[in-house]
Amino acid sequence: MTTEKEERTLNFIEQFIEEDFAAGKYQGHVHTRFPPEPNGYLHIGHAKAITVNYGIAQRYGGKFNLRFDDTNPVTEDTEYVDSIRNDVLWLGAKWDNECYASDYFQQLYDFAEKLIEKGLAYVDDTPKEEMEVMKGDPNRGKPGTPSVYRERNIAENLDLFRRMKAGEFPDGARVLRVKGDLASPNMHMRDPIIYRIKHAHHHRTGDAWCIYPMYDFAHGQSDSIEGITHSLCSLEFIHHRELYNWLIQNLEIFPSRQIEFARMNVEYMLTSKRKLMKLVQNNVVTAWDDPRMPTLAGLRRLGYPPAGIVEFCERAGVAKRDNLIKYELLEFCVREILNKSATRTMAVLDPLKVVITNYPAGQVEMLPIENNPEDPNAGTREIPFGAEVFIEREDFMETPPPKFFRLSPGEHVRLKGAYIIRCDEVIKDTGGEITELRCSYVTNSRSGSDTSGIKPKTVIHWIAPQGAAQAEVRLYQRLFSDPTPDSHEGKDYLDFINPNSLQVISNALVDAKLMDVAPGTQFQFLRKGYFTVDTESQPGKPVFNLTVSLKDSFKP
RNA sequence: AGACUUAUGGUGUAACGGUAGCACUACAGAUUUUGGUUCUGUCUGUCUAGGUUCGAAUCCUAGUAAGUCUACCA
């Protein structure tokens with residue numbers, strides 16, 4: 001037994017947890033949660049939150065809840081609940097409990113009455129606009145002004161709050177406020193609103209309620225009810241923590257601990273719901289699951305494996321400082337997974353015809369080729385070879401630069417898994433466009449039994465018409481031309497759309513056996529990149545998305 | 001202007017008063033029937049100024065810079 005596991009250093013959240021344990025808190029138990037509001041689709045930022053929360057629960061042998069923070073009926077919908085469940089599952093996070101803040105509405109209401117009874121909350125009739133000014137301005141050291149309703153007696157507060165619940169008042173007429181500290185530099189302590197009237201249909205509770213708790217009176221209380229030990233959230237909630245703890249203390253409930261960490265920013269990606277929405281509305285992308293979107297649905301369709309995304313989030317780390325993670329790290333994590341799992345195949349995206357003049361016309365031979373050199377169990381398959389093959393147009397240059405290893409007049413190159421060929425003649429049309437290459441093959445250079453002694457500088461992929469079929473290939477690149485498209489003063493992020501984010505090739509040549517592959521199936525098109533079968537594929541009409549290209553160290 | 005948070009190579013993250021490490025990137029080289037993978041090596045870093053200490057990335061003070069808060073959203 002070694003203590004190899006100990007070598008990994010703890011992130012600051014884990015250090016906090018261990019400090020808690022050392023102090024005898026929570027009996028050494030960890031319980032975390034992922035608390036999305038069901039009002040939109042999950043994106044890469046949510047993947048980070050899931051990875052952090054689920055990862056910590058796993059590392060400590062604890063529990064993990066999926067909780068829908070559904071306290072605002074006007075923006076939420078079950079449609080989102082379903083897609084969120086699906087995405088969380090896809091990432092591989094298994095929750096112990098599926099919870100809804102709305103399941104606690106009665107308890108939350110009782111908590112509110114308790115606060116009123118303790119003289120710590122009051123019903124305020126002040127109009128919204130007035131209340132805003134009365135909050136004061138910390139920038140000028142201006143404290144809040146007490147509402148004239150602040151000293152209402154407990155009985156009246158209770159009566160009014162019950163009548164709010166009974167539906168006696170219209171939306172916005174009154175709110176329930178905590179009696180906090182109007183002079184606090186923390187605005188969240190200046191008598192925050194904890195209940196508001198909303199005569200709206202809730203996706204789960206229907207019309208049972210017309211008052212709904214605010215975030216600050218729902219989130220921490222839900223944490224407490226569920227026995228969440230460590231409530232991990234993003235930095236922006238740091239100012240809420242004082243209220244979070246105040247409420248736990250005064251409600252005398254389970255003391256969950258809120259810990260804030262910096263949310264993850266990724267180059268070339270936006271996660272603002274509003275901004276993503278605009279991309280869809282303006283038809284910059286086709287939908288929320290467009291492969292260029294940073295949504296989990298989009299990344300899934302692009303072909304990013306969930307394990308790669310989780311690995312990425314873990315490698316990005318957890319801390320409290322602002323960060324901008326390199327896009328290259330994401331691509332690295334995706335390639336790392338795909339390299340081990342993707343079946344190799346040869347596809348020619350931009351075909352150039354090669355006629356092998358010394359190979360018997362009409363003859364076809366079957367050649368074995370590896371399915372995946374990284375996987376010893378993947379085996380081999382056979383592909384046809386004949387006197388006519390197609391190679392990638394970019395693999396030939398009539399006048400090559402110094403470091404060009406591929407085919408050029410008089411030069412040798414190996415066709416992967418087949419023979420070494422030499423380019424003898426270049427055929428062009430009247431416009432000077434190369435239409436065909438005439439080559440000769442080295443007869444004793446067959447792959448696996450090569451006795452020619454010729455060492456070509458490289459190997460290129462190819463495909464013979466006997467084993468090829470046409471297919472659509474979609475070449476995706478990052479959506480934006482700038483790593484932080486929304487950070488430029490005077491410019492809109494829409495000004496930085498990459499015009500080449502999608503290039504469609506409708507007549508690529510792929511292995512004819514790939515005509516009926518299932519959406520989601522992944523391949524490495526040799527020397528080109530990893531490709532994933534798109535959801536829009538039809539039997540006999542597959543569409544391949546470029547997930548990520550192979551690293552290419554060729555520099556002309 | 002107030003309060004809070006943060007500051008370590010190009011990027012991200014460790015080092016918890018005792019030799020600044022790891023990963024990604026970049027660049028070299030080895031291997032390779034994918035210019036992929038794999039392996040080896042190299043480059044580059046503690047925001048500034050004081051202080052405490054035998055010794056400071058680490059503790060203290062000030063400054064600078066960045067971020068957050070002032071929704072009947074979460």
Side-chain angles (χ1 to χ4, degrees), chain A residues 8-11 15 35-37 39-40 69-72 74-76 101 124 127-128 131-132 135-142 144 171-177 184-188 190 192-198 211-212 214-216 218-219 233-242 260 262 264 267 312 315-333 335-336 339-340 344 346 369-370 373-374 403-406 413-418 420 445 447-448 450 455-461 483 524-530 549-555:
Chain A
R8 181 184 169 276
T9 55
L10 268 40
N11 63 47
Q15 290 181 22
E37 184 186 11
N39 72 344
D69 223 338
D70 53 352
T71 56
N72 186 359
V74 297
T75 59
E76 295 153 6
D124 197 345
K128 186 182 170 173
M131 207 181 285
E132 267 171 39
K135 278 218 162 189
D137 186 350
N139 289 345
R140 291 180 231 294
K142 247 176 69 186
D171 287 7
R174 290 177 223 263
V175 292
L176 184 69
R177 289 228 260 173
S184 172
N186 181 354
M187 295 301 281
H188 296 281
R190 318 247 277 217
I193 294 167
I194 56 174
Y195 259 97
R196 77 286 214 188
I197 301 171
K198 269 183 198 284
I211 57 170
Y212 293 92
M214 297 284 291
Y215 167 83
D216 284 309
H219 197 103
C233 62
S234 55
L235 240 36
E236 57 197 297
F237 291 99
I238 198 160
H239 301 101
H240 293 252
R241 191 172 68 222
E242 191 179 352
E260 312 85 13
M264 177 179 73
E267 285 184 335
F312 169 68
R315 280 183 185 247
V318 190
K320 296 181 86 161
R321 62 187 95 107
D322 289 338
N323 59 75
L324 182 62
I325 314 293
K326 284 277 177 194
Y327 202 85
E328 285 83 353
L329 181 63
L330 217 203
E331 293 190 321
F332 169 83
C333 294
R335 287 192 190 105
E336 190 184 36
N339 177 47
K340 295 193 185 91
R344 269 59 169 173
M346 292 199 282
I369 191 161
E370 288 175 299
E374 298 295 316
K403 285 289 181 66
F404 189 80
F405 297 162
R406 285 105 99 157
V413 77
R414 176 174 289 282
L415 298 178
K416 171 75 181 176
I420 295 170
S445 69
S447 204
D450 183 2
K455 299 278 177 232
K457 275 183 289 207
T458 197
V459 178
I460 63 172
H461 62 281
Q524 185 195 101
F525 287 0
L526 230 58
R527 302 209 307 130
K528 296 307 289 184
Y530 297 99
S549 63
L550 252 34
K551 273 186 76 173
D552 186 1
S553 56
F554 171 58
K555 294 161 292 292

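Sequence lines set the chain letters: A, B, ... in the order given, protein chains first and strands last, and positions in each chain run from 1.
- Just one of A/Ile194, A/Asp124, A/Ile197 meets the side-chain contact (heavy atoms from CB on, under 4.5 Å) condition when paired with A/Val175; it is A/Asp124.
- Across all their heavy atoms, A/Ile325 and A/Ala316 have their closest contact at CD1-CB, 3.8 Å.
- Of all the heavy atoms in A/Lys198 and A/Tyr212, the pair that sits closest is O-CE1, 3.2 Å.
- The nucleotide whose nearest atom lies closest to any side-chain atom of A/Gln524 is, among B/A74, B/U70, B/U34, B/U34.
- Rounding to whole angstrom units, CG of residue A/Asp70 and C1' of B/A74 are separated by 12 Å.
- A/Phe405 is linked by a ring-ring contact (aromatic ring centres under 6.0 Å, His included) to nothing, counting only residues two or more places apart in sequence or in another chain.
- At the heavy-atom level, A/Arg344 lies under 4.0 Å from base atoms of the strands shown.
- A/Thr75 comes within 4.0 angstrom of no nucleic acid atom, judged by non-hydrogen atoms across all strands.
- Side chain of A/Arg414 to main chain of A/Lys455: no donor-acceptor pair is present (N/O by atom type, distance under 3.5 Å, no hydrogens or angles).
- In plain terms, the two heavy atoms of A/Ser445 and A/Ile420 that are nearest each other are OG-N, 2.9 Å.
- Atom OH in A/Tyr327 sits roughly 18 Å away from atom P in B/G12 (whole-Å rounding).
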Between the protein and nucleotides 23-29 of chain B, list the N/O to N/O atom pairs that are separated by less than 3.5 angstrom.
from: B/A23; atom 1: O2'; to: A/Arg315; atom 2: NH1; distance (Å): 2.7

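- The residue A/Lys135 sits apart from the nucleic acid: no heavy atom pair falls under 4.0 Å.
- Counting any heavy atom pair closer than 4.0 Å across all strands shown, A/Phe404 reaches a base atom.
- Taking the ring centroids of A/Tyr215 and A/His240, they lie under the 6.0 Å cut-off.
- Residue A/Lys198 has its side chain nearest to B/C73 when only B/C73, B/U68, B/U34 are considered.
- Residue A/Leu324 is in sugar-phosphate contact alone, with no base atom involved, counting any heavy-atom pair closer than 4.0 Å across all strands shown.
- If you check every strand for non-hydrogen atoms under 4.0 Å, A/Asn139 touches a base.
- In terms of position along RNA chain B, the nucleotide closest to A/Lys457 lies nearer the 5' end than the nucleotide closest to the other residue of the pair A/Asp69 and A/Lys457.
- In this model, no side-chain donor or acceptor of A/Arg321 finds a partner on the base of B/G67 within 3.5 Å.
- Nucleic acid contact for A/Glu370: none, since no nucleic acid atom lies under 4.0 Å from a heavy atom of the residue.
- Using a 4.0 Å heavy-atom distance criterion, A/Thr458 is classed as a sugar-phosphate-only contact.
- In this structure the side chain of A/Gln524 reaches within 4.5 angstrom of the side chain of A/Leu526, judged on heavy atoms.
- Under the 4.5 Å side-chain criterion, counting only non-hydrogen atoms from C-beta, A/Glu267 is in contact with A/Glu328.
- Considering only heavy atoms from C-beta on, A/Ile211 stays 4.5 Å or farther from A/Leu176 through its side chain.
- Across B/C39 and B/C60, the matching P atoms stand 42 Å from one another, rounded to whole Å.
- The CG atom of A/Asn323 sits 17 Å away from the P atom of B/A66 (whole-angstrom rounding).
- Relative to the side chain of A/Tyr215, the nucleotides B/G12, B/A74, B/U34 differ in distance, and B/A74 lies closest.
- In terms of phosphate contacts, A/Arg527 brings a side-chain nitrogen or oxygen within less than 4.0 Å of OP1 or OP2 of B/G35.
- The side chain of A/Val175 lies closest to B/C72, out of B/U70, B/C72, B/U13.
- Using a 4.0 Å heavy-atom criterion, one finds that A/Arg190 contacts no nucleic acid atom at all.
- Among the heavy atoms of the strands lying under 4.0 Å from A/Gly417 is at least one base atom, whether or not backbone atoms are also near.
- Backbone-only contact: A/Val318 has heavy atoms under 4.0 Å from sugar-phosphate atoms and none from a base.
- Summarising the geometry, the separation between CE on A/Met346 and P on B/G36 is reported as 18 Å, rounded to the nearest angstrom.
- The CG atom of A/Asn186 sits 13 Å away from the P atom of B/A71 (whole-angstrom rounding).
- Spacing between atom CG of A/Asp322 and atom C1' of B/U68 amounts to 9 Å, rounded to whole angstrom units.
- Below 30°, between 30° and 60°, or above 60°: for A/His188 and A/His239 the angle between ring planes is below 30°, a parallel geometry.
- Of the listed nucleotides (B/G35, B/C72, B/U34), B/G35 has the atom at the smallest distance from the side chain of A/Asp552.
- The P atoms of B/G55 and B/U19 are separated by 15 Å, rounded to the nearest whole Å.
- For A/His239 and B/U68, a side-chain-to-base donor-acceptor distance below 3.5 Å is present, hydrogens and geometry of angles not being considered.
- For A/Pro185, whose side chain is taken as the heavy atoms from C-beta onward, the closest listed nucleotide among B/G35, B/G2, B/A74 is B/G2.
- For the P atoms, the distance linking B/G41 with B/U48 amounts to 31 Å, nearest Å.
- Of the candidate nucleotides B/C73, B/A3, B/G35, B/G35 has the atom nearest to the side chain of A/Ser553.
- As judged by a 4.0 angstrom heavy-atom cut-off over every strand, A/Met214 is placed among residues touching the sugar-phosphate backbone only.
- Projected onto RNA chain B by closest heavy-atom contact, A/Ser445 and A/Ala316 fall at different nucleotides, the more 5' of which corresponds to A/Ala316.
- Put simply, the side chain of A/His188 and the base of B/A3 share no donor and acceptor less than 3.5 Å apart.
- A side-chain donor-acceptor contact under 3.5 Å links A/Arg190 to the backbone of A/Ser184.
- The A/Asn72 side chain lies nearest to B/C73 when the options are B/C73, B/U34, B/C16.
- Side-chain proximity of A/Glu132 to B/G35, B/U34, B/C72: nearest is B/C72.
- Rounded to whole Å, the separation between the P atoms of B/C59 and B/U6 comes to 11 Å.
- The distance from atom CD1 of A/Ile460 to atom P of B/G36 is 16 Å, rounded to the nearest whole Å.
- Distances shorter than 4.0 Å separate some side-chain N or O of A/Gln15 from OP1 or OP2 on B/A15.
- At the heavy-atom level, A/Pro373 lies under 4.0 Å from base atoms of the strands shown.
- We find that CZ of A/Phe525 is positioned 19 Å from P of B/U34, with the value rounded to whole Å.
- With A/Phe332 as the aromatic partner, A/Arg315 does not meet the cation-pi criteria of under 6.0 angstrom to the ring centre and within 45 degrees of the ring axis.
- Residue A/Ile193 places its side chain closer to B/C72 than to any other of B/U34, B/U68, B/C72.
- Residue A/Gly448 is in base contact, counting any heavy-atom pair closer than 4.0 Å across all strands shown.
- Secondary-structure annotation of RNA chain B gives the stems B:2-7 with B:64-69, B:10-13 with B:21-24, B:26-30 with B:38-42, B:47-51 with B:59-63, with a stem taken as at least 3 successive Watson-Crick or G-U pairs whose two distances both fall under 3.5 Å.
- Of all the heavy atoms in A/Asn186 and A/Glu242, the pair that sits closest is ND2-OE1, 3.0 Å.
- Contact of A/Glu37 with B/C73 (side chain to base): no donor-acceptor pair of N or O atoms is detected under 3.5 Å.
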